[in-house]
Amino acid sequence: MEKALRNRLTLGPLMLAFLFGVLWLDHAIESWTLHAGFNQGIRGAGVTVLLLLVLPLGTRELATLFAAERVRPFRLIAVLGTSLLMLHAFATQFLRFQDVSGSTFAAIVVGVMLLAALQRAFVKQTQDAIVHMAGTVLSVMYLGGLAWFLVALRVKHGTTLFGQPFIGSTAHIVMILLCVKSTDIGAFFTGRAIGKHKLIPWLSPGKTWEGLAGGLVLAGAVGAACAPYIFALAWWKGAIFGLLIGGVGQLGDLLESMMKRDAEVKDSSNLIPGFGGVLDVIDSPLLAAPFAYLLFSLF
């Protein structure tokens, strides 16, 4: 336990620093392209590339979890579909693509299902065709479909910084991550300090109601603190955002816990010491992304 905590305290800041570096580069690319003559600059290049690199690892881990119930997605097809959805979200910022964005999204999802069916036809086998197709589509929608909203947030929303115009919307991504991860941090330390009542002992015995409350309070405070960096977002809206997104993030963590319990594994992999696998790091932000997209649109 203590070793895992030390790994988290060491690698956590390093991963955050790397992420902020990617977001800075993302913003820099937007500024460069804006000065080069593009109307609004090209947004989301850094976020898109990062997800194109990370999600294939998540696909491999998800396929391992699915295999516990003999659901075996075709990994290459799933990676292809997920990557196409990332590129699709990136392309929605361009006017010429917006008219066909809806039909293109549907074509990608249907195309993934057809490719999975054709793969079984190619080897002249019908056995387990349904679970292969279902697993492949579910992998694409779970990873690519949810991550789509992160890229879409980056390319569509504008921000201000201390009341002044600020190019791009990296602040939206940062706010989601801070609210989700602050919930984890608040829940962990509050649970260790005063946690007595188990939240869902049969699924995640380490979580407590006291920890959840502490995590949500911290997420609300972080959301309120982030509000000045987001265009037209009052502090109390930021607090509500933090509470809701923090809660959804915890549900995302429980969702992966259910899959890991079914697969009878502790972590999705051992790729990241102290954290587990890629899925263990991105599960909460991914599930929170579509809800954050909706809240930012309403606010």
I'd like to know if the side chain of [X] reaches the main chain of [Y], judged simply by a donor and an acceptor atom lying under 3.5 Å from each other, with no hydrogens or angles considered.
{"X": "Ser284", "Y": "Gly249", "result": "yes"}
{"X": "Thr136", "Y": "Phe74", "result": "yes"}
{"X": "Thr208", "Y": "Gly191", "result": "no"}
{"X": "Glu210", "Y": "Thr190", "result": "no"}
{"X": "Glu30", "Y": "Gly44", "result": "no"}

Tell me whether [Y] is reachable from [X] by hopping between hydrophobic residues (I, L, V, M, F, W, Y) whose side-chain heavy atoms are closer than 4.5 Å.
{"X": "Leu57", "Y": "Val49", "answer": "no"}
{"X": "Val79", "Y": "Phe105", "answer": "no"}
{"X": "Leu14", "Y": "Val22", "answer": "yes"}
{"X": "Leu80", "Y": "Leu76", "answer": "no"}
{"X": "Met15", "Y": "Val54", "answer": "yes"}

Could you label the plane-to-plane angle of the His88 and Trp148 rings as parallel, tilted or perpendicular, counting under 30° as parallel and over 60° as perpendicular?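 His88 and Trp148: tilted rings.
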Please round to the nearest 0.5 Å and tell me the distance separating atom [atom1] of [X] and atom [atom2] of [Y].
{"X": "Leu115", "Y": "Met133", "atom1": "CG", "atom2": "CE", "result": "12.0 Å"}
{"X": "Leu51", "Y": "Ile282", "atom1": "CG", "atom2": "CD1", "result": "8.0 Å"}
{"X": "Gln250", "Y": "Asp184", "atom1": "CD", "atom2": "CG", "result": "5.0 Å"}
{"X": "Trp24", "Y": "His27", "atom1": "CH2", "atom2": "NE2", "result": "9.0 Å"}
{"X": "Leu294", "Y": "Leu244", "atom1": "CG", "atom2": "CG", "result": "10.0 Å"}
{"X": "Leu85", "Y": "Leu52", "atom1": "CG", "atom2": "CG", "result": "10.5 Å"}

Going through the checks in order, is the side-chain contact (heavy atoms from CB on, under 4.5 Å) test met by Val174 and Phe20? CA-CA 8 Å; Val174 171; Phe20 284 129; 3.7 Å; yes
Side chain to side chain, [X] and [Y], heavy atoms closer than 4.5 Å:
{"X": "Ile29", "Y": "Leu25", "result": "yes"}
{"X": "Pro285", "Y": "Lys181", "result": "yes"}
{"X": "Trp209", "Y": "Leu212", "result": "yes"}
{"X": "Ser83", "Y": "Leu55", "result": "no"}
{"X": "Leu295", "Y": "Ile245", "result": "yes"}
{"X": "Phe66", "Y": "Val131", "result": "no"}
{"X": "Arg60", "Y": "Arg75", "result": "yes"}
{"X": "Lys207", "Y": "Leu254", "result": "yes"}

Closest contact, heavy atoms only, [X] versus [Y]:
{"X": "Lys156", "Y": "Thr92", "value": "CE-OG1, 3.8 Å"}
{"X": "Tyr142", "Y": "Leu286", "value": "O-CD1, 4.3 Å"}
{"X": "Leu150", "Y": "Ile173", "value": "O-CD1, 3.3 Å"}
{"X": "Ala171", "Y": "Tyr229", "value": "CB-O, 3.8 Å"}
{"X": "Leu243", "Y": "Leu216", "value": "CD2-O, 3.1 Å"}
{"X": "Gly242", "Y": "Cys179", "value": "CA-SG, 3.7 Å"}

Above 12 or not: heavy atoms from other molecules or residues under 6.0 Å from [atom1] of [X]?
{"X": "Phe97", "atom1": "CZ", "value": "yes"}
{"X": "Leu87", "atom1": "CG", "value": "yes"}
{"X": "Ile200", "atom1": "CD1", "value": "yes"}

Asp26 bridged to Arg43 by N-O distance under 4.0 Å: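 Judged by the 4.0 Å cut-off on N to carboxylate O distance, Asp26 and Arg43 do not form a salt bridge.
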Option among Phe296, Tyr293, Phe291 that satisfies the ring-ring contact (aromatic ring centres under 6.0 Å, His included) test with Phe149: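 Between Phe149 and the candidates, ring-ring contact (aromatic ring centres under 6.0 Å, His included) is satisfied uniquely by Tyr293.
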Which side-chain hydrogen bond (donor to acceptor under 3.5 Å, both in side chains) pairs, counting each pair once, include a residue from residues 96-121, with sequence neighbours left out?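 Passing the test, one end in residues 96-121: Arg120-Gln125.
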side-chain contact (heavy atoms from CB on, under 4.5 Å) between Phe18 and Leu50, intermediate numbers included: CA-CA 11 Å; Phe18 175 76; Leu50 178 62; 3.8 Å; yes
Of the options Leu153, Ile230, Val180, Val222, which is the one that meets Met175 in a side chain to side chain contact (heavy atoms under 4.5 Å, CB included)?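 Testing each of Leu153, Ile230, Val180, Val222 against Met175, the sole residue satisfying side chain to side chain contact (heavy atoms under 4.5 Å, CB included) is Ile230.
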For the pair Leu279 and Leu143, evaluate side-chain contact (heavy atoms from CB on, under 4.5 Å) and give the outcome as yes or no after the intermediate values. CA-CA 9 Å; Leu279 281 180; Leu143 293 173; 3.7 Å; yes
